[in-house]
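Just below is one structure, and these are the notes that go with it.
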4 protein chains.
Amino acid sequence: MVMRKSKMSLIFQAAIDVFSEKGFDKATMDDIATRANVAKGTIYYHFKSKEELFFFLVEEGVELLRDGVEAKLLPEMDPKEKLEVIVREQINFFGQYRDFCVILLREAWGGEERQLEFRKMIRSYMYLIENVITEGIESGDFHPVNPENAGAGIFGMLAISALHILLGKKQYDEEALFLDMNRMVFAGVLKHT
Amino acid sequence: MVMRKSKMSLIFQAAIDVFSEKGFDKATMDDIATRANVAKGTIYYHFKSKEELFFFLVEEGVELLRDGVEAKLLPEMDPKEKLEVIVREQINFFGQYRDFCVILLREAWGGEERQLEFRKMIRSYMYLIENVITEGIESGDFHPVNPENAGAGIFGMLAISALHILLGKKQYDEEALFLDMNRMVFAGVLKHT
Amino acid sequence: MVMRKSKMSLIFQAAIDVFSEKGFDKATMDDIATRANVAKGTIYYHFKSKEELFFFLVEEGVELLRDGVEAKLLPEMDPKEKLEVIVREQINFFGQYRDFCVILLREAWGGEERQLEFRKMIRSYMYLIENVITEGIESGDFHPVNPENAGAGIFGMLAISALHILLGKKQYDEEALFLDMNRMVFAGVLKHT
Amino acid sequence: MVMRKSKMSLIFQAAIDVFSEKGFDKATMDDIATRANVAKGTIYYHFKSKEELFFFLVEEGVELLRDGVEAKLLPEMDPKEKLEVIVREQINFFGQYRDFCVILLREAWGGEERQLEFRKMIRSYMYLIENVITEGIESGDFHPVNPENAGAGIFGMLAISALHILLGKKQYDEEALFLDMNRMVFAGVLKHT
DNA sequence: AATGAATGAGTGTTCATTCAT
DNA sequence: GATGAATGAACACTCATTCAT
């Protein structure tokens with residue numbers, strides 16, 4: 001029988017929906033169970049706790065972002081090309097996984113174990129950016145900035161601008177946002193005179 | 001104004017502490033009452049609900065940021081100078097009100113009334129940035145980007161990079177971060193050849 | 001206002017009833033709240049947890065037994081008189097606080113913290129018996145047995161025989177039980193020839 | 001009988017371990033299944049319910065005690081010899097089946113069906129003692145006490161003193177306990193002068 | 001103005017039991 | 001015979017809110 005789509009994936013999807021809608025604390029296991037059309041106990045058969053369910057979810061999401069971007073960073077590209085890929089892909093990802101991205105920005109800040117762990121995961125994505133920045137500095141293409149600052153800054157610029165549109169009333173025009181962000185990342189706001 | 005150390009301000013300060021430490025949902029009115037050395041009922045004498053207390057708090061905080069920055073944007077400055085002031089002041093504010101800024105990034109994303117309202121407030125700060133961008137574009141100093149995108153992007157770049165350091169283990173070196181961010185905002189990562 | 005019978009004592013009494021009826025694990029806080037005519041939250045306002053409520057209860061009960069018996073052990077009595085007092089009073093106590101005594105025998109055995117603590121309390125009562133035994137051995141009135149063994153044995157003999165009747169269908173004839181137990185404690189089963 | 005290591009006996013042994021470690025209520029079917037290396041469903045294939053599993057267990061245990069003691073009570077013994085056998089064997093049994101004996105003292109008291117049934121089983125062992133007492137009274141060897149009181153009392157004395165040592169930190173010195181208890185059962189504490 | 005005892009709806013979690021395979 | 005995924009009723013505990021004083 002091919003229909004082996006175990007309840008686990010149902011739960012997973014429901015969890016993404018509910019967590020992004022309500023946040024970790026306000027989301028209830030009942031919500032998730034109802035949305036997944038599963039008995040509450042079933043969730044606990046597959047996941048030890050709400051915390052663990054959330055953790056797996058975030059892990060999977062961040063991996064999806066990181067691995068997706070990483071796969072497009074080919075060795076033969078120069079730093080400029082790589083960074084452009086990153087800008088494009090992150091904007092693309094935010095459009096595609098809007099709900100997950102809300103979780104991303106909502107639940108990463110704070111001192112709880114969960115949030116620490118969470119930031120570590122995000123950091124693993126930021127490393128990609130940092131490495132490209134470092135590469136660019138070494139090749140002489142980029143300004144000599146602190147790569148960690150730059151990595152966090154670029155991630156934040158892309159994330160907040162994307163979410164700002166996604167949560168606002170306007171259409172998410174990916175191409176327009178890409179063009180603007182690309183220009184800002186590479187050239188800043190100032191025209192060269 | 002006589003500055004009576006009214007219970008209200010005690011509650012207000014305690015609320016900032018507790019909300020930033022635990023987030024809106026995990027923070028309890030008991031926590032706040034204890035921290036403020038007030039009976040729990042007293043909070044309800046001054047504020048209608050937890051939601052309202054939080055709302056006033058955030059309002060005050062965002063006003064502090066916005067009005068502080070606005071006060072430094074003098075009419076005689078050109079767009080470039082103004083944007084530099086914004087970068088410096090926002091980085092400064094994040095260092096000074098770290099706890100509040102955690103709240104800022106934590107509680108703004110989501111579909112609840114409270115969060116909508118919250119994003120409106122943040123937007124009122126972003127307008128400052130947008131206006132300067134618009135001014136710069138019109139004066140021909142800045143690239144013609146969408147000011148809303150740029151405003152959100154710059155806010156996000158500064159916010160996330162600041163919080164990234166503040167919540168990490170390293171020292172918050174305001175000047176270094178300012179220099180890096182300033183360069184990125186104005187010139188991007190790419191050297192002009 | 002004299003009516004200061006705070007809800008706490010209501011809860012206490014209800015807890016004794018429910019715990020003795022159902023045992024620690026099967027008893028629910030809802031049961032206790034209902035029986036006490038109190039909201040469930042009220043219990044938690046006064047006691048940190050089910051465990052703590054139970055602990056205070058047992059502590060109070062064992063103290064009642066120990067202090068009651070101790071008060072009747074006058075210094076001028078000889079060991080034989082003292083031991084007779086103990087036999088009488090323990091039998092009396094079991095008749096009077098049957099419910100609590102069920103708790104006593106039900107919840108003392110096992111390896112959990114709570115049960116350890118519990119046995120320590122019982123031990124504090126057994127000491128009374130041990131001391132009298134020791135006194136009697138030193139005065140030459142009693143056989144030289146290990147006082148700890150004897151203390152536990154006498155406590156067990158009185159406890160189990162009392163509960164056996166109390167939980168059976170027969171009337172609890174305190175005087176008859178006292179006479180039998182008194183004889184067994186002092187002279188055993190065997191007639192002197 | 002071919003002695004097939006049927007799953008049933010595995011379950012049985014695991015159940016004894018788990019029930020004595022955690023008590024009836026805290027023990028879970030999962031615990032037992034894991035310990036027995038069986039799927040949870042398998043337990044339900046062999047036993048209708050947790051209650052029934054427990055019942056069979058206790059039945060078997062009490063029979064082991066009763067039949068073991070009974071087998072040593074030879075018709076040609078006089079009441080004194082018989083009672084001495086009982087004292088020795090019960091102390092011996094408690095040392096050997098410590099876990100089961102914890103169950104015995106833990107789960108017998110209370111008003112539930114299960115506990116009623118349980119006490120009946122224990123009573124079937126107490127009868128042995130009662131009968132010897134009755135015999136001794138009729139033969140003129142023993143004091144004329146109520147045999148039911150005496151039976152329960154002796155059972156309790158031996159049980160509690162044994163468990164008191166077994167659950168404490170000290171070594172279980174069977175011989176010493178036997179000597180003390182034997183003396184107390186036959187002669188009480190008081191020296192004949 | 002201020003208090004804090006009291007409330008009860010709501011939450012995460014457990015676990016005996018069932019049943020399709 | 002045996003399995004283990006699935007269930008859902010039940011439970012300990014939390015906490016925003018109320019209200020009599």
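So you know, we letter chains A, B, ... as the sequences are listed, proteins then strands, and number each from 1. Because only heavy atoms are used, hydrogens play no part in the values below, and waters and symmetry mates are left out as well, while side chains stay in.
- Between the P atom of E:dC15 and the CZ atom of D:Phe19 lies a distance of 13 Å, rounded to the nearest Å.
- A side-chain contact (heavy atoms from CB on, under 4.5 Å) with C:Val62 holds for exactly one of C:Leu65, C:Leu64, C:Val58; it is C:Val58.
- Rounded to whole angstrom, the span from the CD atom of B:Glu52 across to the C1' atom of F:dA16 amounts to 14 Å.
- Using N1 to N3 plus N6-O4 or O6-N4 for Watson-Crick, or N1-O2 and O6-N3 for G-U wobble, each under 3.5 Å, F:dT21 pairs with E:dA2.
- Checking D:Thr28 against A:Asp30, the closest nucleotide of DNA chain E that is more toward the 5' end is the one next to A:Asp30.
- The residue among C:Asp31 and D:Asn37 whose nearest nucleotide of DNA chain F lies closer to the 5′ end is D:Asn37.
- Nearest-nucleotide mapping onto DNA chain F: of D:Gly41 and A:Thr42, the residue sitting toward the 5' end is D:Gly41.
- Rounded to whole angstrom, the span from the CD atom of C:Glu51 across to the P atom of F:dC11 amounts to 17 Å.
- A:Lys50 and A:Asp25 get closest at one heavy-atom pair: NZ-O, 3.3 Å.
- Residue B:Lys40 is classed as a base contact, given a heavy-atom separation below 4.0 Å to a base.
- More than 12 non-hydrogen atoms from other residues, nucleotides or ligands lie less than 6.0 angstrom from NZ of A:Lys26.
- Proximity note for D:Ala39 (side chain, C-beta onward) versus F:dT3, F:dA12, E:dG4: the nearest is F:dT3.
- The separation between B:Phe47 atom CZ and E:dA2 atom C1' is 15 Å, rounded to whole Å.
- Summarising the geometry, the separation between CE on D:Met29 and C1' on E:dT14 is reported as 15 Å, rounded to the nearest angstrom.
- Within the shown strands, E:dT11 is the pairing partner of F:dA12 under the Watson-Crick or G-U definition, both distances less than 3.5 Å.
- Classified by interplanar angle (parallel below 30°, tilted 30° to 60°, perpendicular above 60°), the ring pair D:Phe47/D:Phe12 is tilted.
- Rounded to an integer number of Å, the gap from OH of B:Tyr45 to C1' of F:dT21 is 15 Å.
- Among the heavy atoms of the strands lying under 4.0 Å from D:Ala27 are primed sugar atoms or P, OP1, OP2 only; no base atom is included.
- The interatomic distance linking C:Tyr44 (OH) with F:dA16 (C1') rounds to 18 Å, in whole Å.
- Between A:Asp67 atom CG and A:Glu60 atom CD the span is 10.0 Å, to the nearest 0.5 Å.
- Mapping B:Ile43 and D:Asp25 onto DNA chain E via the closest heavy atom, the residue that lands nearer the 5' end is B:Ile43.
- If you measure from atom NZ of C:Lys50 to atom P of F:dA10, you get 15 Å, rounded to the nearest angstrom.
- The phosphate of F:dC15 has neither OP1 nor OP2 within less than 4.0 Å of any side-chain N or O from B:Lys26.
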